[in-house]
K.L.:
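Below is one structure. I have some questions about it.
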There are 2 protein chains.
Amino acid sequence: MKLTSKGRYAVMALADLAKFNSMNPVSLRDISLRQGISLDFLEQIFYKLKKNNIVKSIRGTRGGYILTKNPEQIKLANILNAVDEEVKTVQCKKESKKGCNGKTSKCITHNLWDELEIHINNFFEQKNLKDLISNSIESRN
Amino acid sequence: MKLTSKGRYAVMALADLAKFNSMNPVSLRDISLRQGISLDFLEQIFYKLKKNNIVKSIRGTRGGYILTKNPEQIKLANILNAVDEEVKTVQCKKESKKGCNGKTSKCITHNLWDELEIHINNFFEQKNLKDLISNSIESRN
DNA sequence: ACAATCTTGACTAAATTAGTCAAGTATACA
DNA sequence: TGTATACTTGACTAATTTAGTCAAGATTGT
C-alpha cells in the first residue's frame with residue numbers, strides 16, 4: 001500500500017463524485033474545480049479507476065463519470081489499490097526472493113512490515129466512501 | 001510518521017544492538033557488516049538516535065553504542081520519530097494553516113488521514129525492541 | 001603515537017512524484 | 001452535419017525526496 005497524493009486525490013475525487021452523484025454524471029472538470037486538482041492528473045487517475053471498475057464513464061456533451069456501486073459498497077482499500085499500482089509499506093518486499101539487503105535470509109524486521117501492512121489495510125478495508133461523506137457533513141465542511 | 005529505509009534501518013540496527021548488547025558497546029562497523037547497511041548511512045542515523053537519547057556512545061578504540069534503556073522500554077514509535085524528522089502520512093498536513101490544496105477549508109479527506117496517522121502510531125506504540133528480537137529468534141532467523 | 005571509533009556537515013546520483021502535453025475518439029445537441 | 005464537450009491514452013518532464021557518499025575532524029584506549 002503506497003500512500004501518495006495520487007491516492008489522496010482519488011479518494012477526494014470519488015468522495016466528490018459520491019456527493020454529487022444523484023443521477024447525472026459528473027465531469028472531471030467539475031471535480032477539478034471543486035477539489036482543486038489538476039484536470040490532467042484527474043484524467044490519469046480516472047483512467048485507472050475505470051479499468052478497476054470503480055467508476056464508469058459516459059461520453060459526450062453532458063457526460064462524465066458515475067460510481068459503479070453505492071458509496072457504501074466502495075471500500076477505500078479498493079480505491080487505493082486501483083490507483084497505486086504497487087503495494088508496499090517500505091522497501092524490503094520486492095527483493096523478497098533473495099532476502100532483504102542482499103542477504104540470503106529475511107531481515108530482522110521483515111515480519112514487522114508484513115504486520116504493518118495488514119494493519120494499514122484493515123484500516124482502509126473498514127472505511128467506505130459513505131463513511132467519508134457523512135463525516136464531512138457532520139463536521140460541517 | 002514517514003516510513004522510509006532510514007526508519008527501517010534504524011529499527012534493524014537497534015534490534016541488532018539489542019541482541020548483542022550484553023555489556024560491551026557495539027560498533028557501527030559491526031552492525032554495518034551484520035545487517036548490510038552502509039556505515040556512512042548508519043552514522044547519520046545514530047547521530048539522530050543519540051540526540052533523541054535512544055542510544056549513548058562510547059568513544060575510543062573499543063567504543064561503540066549501547067541502548068540507554070532496556071529493549072522492552074524502547075518503543076518503535078520512539079525510534080521512528082527520532083530518525084524521520086517530519087511526521088506525515090500523506091501531504092495535506094503541512095499546508096494546514098491555509099487548508100488543503102490551497103483551498104480555504106479542509107479537504108473532504110482531511111480527517112481520514114488524521115485517523116490513519118493515529119492508527120499507524122498505535123501500531124508502533126505497542127511494539128518495542130524486545131518484541132522484535134524475541135520474534136526473530138522464535139522464527140529461527 | 002596511533003588506530004579505532006564516534007561526530008558532523010556538505011554534497012549528490014538515482015528514483016519517485018506530481019504533474020503537463022498532446023493527439024486523439026466518442027457523443028449530445030443545435 | 002458540425003461543433004463543443006468530455007472521455008482516452010501515451011509520452012514526457014520538472015521538482016522533490018531518498019538513500020546514500022565524501023570528507024574532515026574530535027576522542028579515547030592501548
Side-chain angles (χ1 to χ4, degrees), chain A residues 2-13 17 24-33 35-52 54-66 80 83-92 94-95 100-102, chain B residues 2-13 17 24-33 35-52 54-66 80 83-92 94-95 100-102:
Chain A
K2 219 160 81 182
L3 292 176
T4 66
S5 286
K6 190 177 279 186
R8 177 164 68 95
Y9 286 162
V11 173
M12 284 173 68
L17 200 52
N24 303 318
V26 178
S27 73
L28 292 190
R29 197 166 158 282
D30 287 352
I31 297 177
S32 167
L33 291 173
Q35 303 298 331
I37 304 170
S38 141
L39 178 58
D40 286 306
F41 202 24
L42 278 177
E43 283 171 350
Q44 264 188 59
I45 291 168
F46 273 76
Y47 175 49
K48 292 185 179 182
L49 291 175
K50 192 189 171 188
K51 273 206 305 196
N52 282 273
I54 290 172
V55 296
K56 56 188 167 190
S57 63
I58 291 156
R59 296 181 144 207
T61 307
R62 303 231 122 268
Y65 287 93
I66 53 179
L80 294 172
V83 298
D84 281 338
E85 48 280 324
E86 207 181 340
V87 169
K88 69 169 181 185
T89 39
V90 82
Q91 237 66 327
C92 159
K94 44 184 169 188
E95 328 92 307
C100 314
N101 290 349
Chain B
K2 219 160 81 182
L3 292 176
T4 66
S5 285
K6 190 177 280 186
R8 178 164 67 95
Y9 286 162
V11 174
M12 285 173 67
L17 200 52
N24 304 317
V26 178
S27 73
L28 293 190
R29 198 166 157 282
D30 286 353
I31 296 177
S32 166
L33 291 173
Q35 303 298 331
I37 304 170
S38 140
L39 177 58
D40 286 306
F41 203 23
L42 277 178
E43 284 170 349
Q44 264 187 58
I45 291 168
F46 273 75
Y47 174 49
K48 292 184 179 184
L49 291 175
K50 192 189 172 189
K51 275 207 304 195
N52 282 271
I54 290 171
V55 297
K56 55 187 169 190
S57 63
I58 291 155
R59 295 182 145 206
T61 306
R62 301 233 123 267
Y65 287 93
I66 53 179
L80 294 172
V83 298
D84 281 338
E85 49 280 325
E86 206 181 341
V87 169
K88 69 169 179 183
T89 39
V90 82
Q91 237 66 326
C92 159
K94 44 183 169 187
E95 328 92 305
C100 315
N101 291 349

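The sequence lines fix the lettering, A, B, ..., with proteins before strands; numbering per chain opens at 1.
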K.L.:
Send over the distance from A:Tyr9 OH to C:dT20 C1', rounded to a whole Å.
P.N.:
14 Å
K.L.:
Looking only at non-hydrogen atoms, find the nearest pair between A:Tyr9 and A:Ile45 and report the distance.
P.N.:
CB-CD1, 3.7 Å
K.L.:
Starting at atom CG of A:Leu33, determine the distance to atom C1' of D:dA6, rounded to an integer number of angstrom.
P.N.:
14 Å
K.L.:
Can you sort out the partners of B:Arg29 under side-chain contact (heavy atoms from CB on, under 4.5 Å), two or more places apart, ordered by chain and number?
P.N.:
B:Ser27, B:Leu33
K.L.:
Do the side chains of B:Asn52 and B:Val83 get nearer than 4.5 Å, heavy atoms only?
P.N.:
no
K.L.:
Select one nucleotide: of C:dT5, C:dT7, D:dG20, the one nearest the side-chain heavy atoms of B:Ser27.
P.N.:
C:dT5
K.L.:
What I'd like to find out is whether the side chain of B:Arg62 reaches to under 4.5 Å of the side chain of B:Asn24, using heavy atoms alone.
P.N.:
no
K.L.:
Assuming nearest nucleotide by heavy-atom distance, tell me which of A:Glu43 and B:Leu28 is located more 5' along DNA chain C.
P.N.:
B:Leu28
K.L.:
In terms of side-chain heavy atoms of B:Phe41, which of D:dA23, D:dA19, C:dT20 is nearest?
P.N.:
D:dA19
K.L.:
Do B:Glu43 and B:Asp40 come within less than 4.5 Å of each other through their side chains, counting heavy atoms only?
P.N.:
yes
K.L.:
Within this structure, what is the CG-to-P distance between A:Asn52 and D:dT8, rounded to whole angstrom?
P.N.:
14 Å
K.L.:
Just to confirm, is there a sub-4.0 Å distance from OP1 or OP2 of D:dA6 to any side-chain nitrogen or oxygen of A:Ser57?
P.N.:
no
K.L.:
Using atom CG of B:Asp40 as one end and atom C1' of C:dT12 as the other, report the distance to the nearest whole Å.
P.N.:
13 Å
K.L.:
Give the rounded distance in Å between these two atoms: NZ of B:Lys48 and P of D:dA19.
P.N.:
12 Å
K.L.:
Distances under 3.5 Å between protein N/O atoms and the N/O atoms of nucleotides 28-30 of chain D, please, pair by pair.
P.N.:
unit_1, atom_1, unit_2, atom_2, d
D:dG29, N3, B:Thr61, OG1, 3.2

K.L.:
Do A:Tyr65 and A:Ile31 have side chains that approach each other closer than 4.5 Å (heavy atoms only, starting at C-beta)?
P.N.:
no
K.L.:
Output yes when at least one side-chain N/O atom of A:Tyr65 is less than 4.0 Å from OP1 or OP2 of D:dA6, else no.
P.N.:
no
K.L.:
Counting just side-chain N and O atoms, does A:Lys50 come under 4.0 Å of either OP1 or OP2 of D:dC7?
P.N.:
no
K.L.:
For B:Thr61, enumerate each residue passing the side-chain contact (heavy atoms from CB on, under 4.5 Å) test, keeping only those at least two apart in sequence or located in another chain.
P.N.:
none
K.L.:
Could you state the atom-to-atom distance from CD1 of A:Ile45 to C1' of D:dT8 in whole Å?
P.N.:
15 Å
K.L.:
Side chain of A:Ser5, heavy atoms from C-beta onward: which of D:dG10, C:dA18, C:dT20 has the nearest atom to it?
P.N.:
C:dA18
K.L.:
So, the side chain of B:Ser32 versus the backbone of B:Ser38: is there a donor-acceptor pair under 3.5 Å, distance only?
P.N.:
no
K.L.:
Could you tell me how far apart B:Leu42 (CG) and D:dC22 (P) are, to the nearest whole angstrom?
P.N.:
16 Å
K.L.:
Between C:dT7, C:dT20, D:dT21, which nucleotide gets closest to the side-chain atoms of A:Gln44?
P.N.:
C:dT20
K.L.:
Measure from CG on B:Leu39 to P on C:dT5 and round the result to the nearest Å.
P.N.:
10 Å
K.L.:
Please determine, for the side chain of B:Arg29, which listed nucleotide (D:dT9, C:dT5, C:dT8) has the closest atom?
P.N.:
C:dT5
K.L.:
Contact class for A:Val26 (heavy atom, under 4.0 Å): base, sugar-phosphate, or nothing?
P.N.:
sugar-phosphate
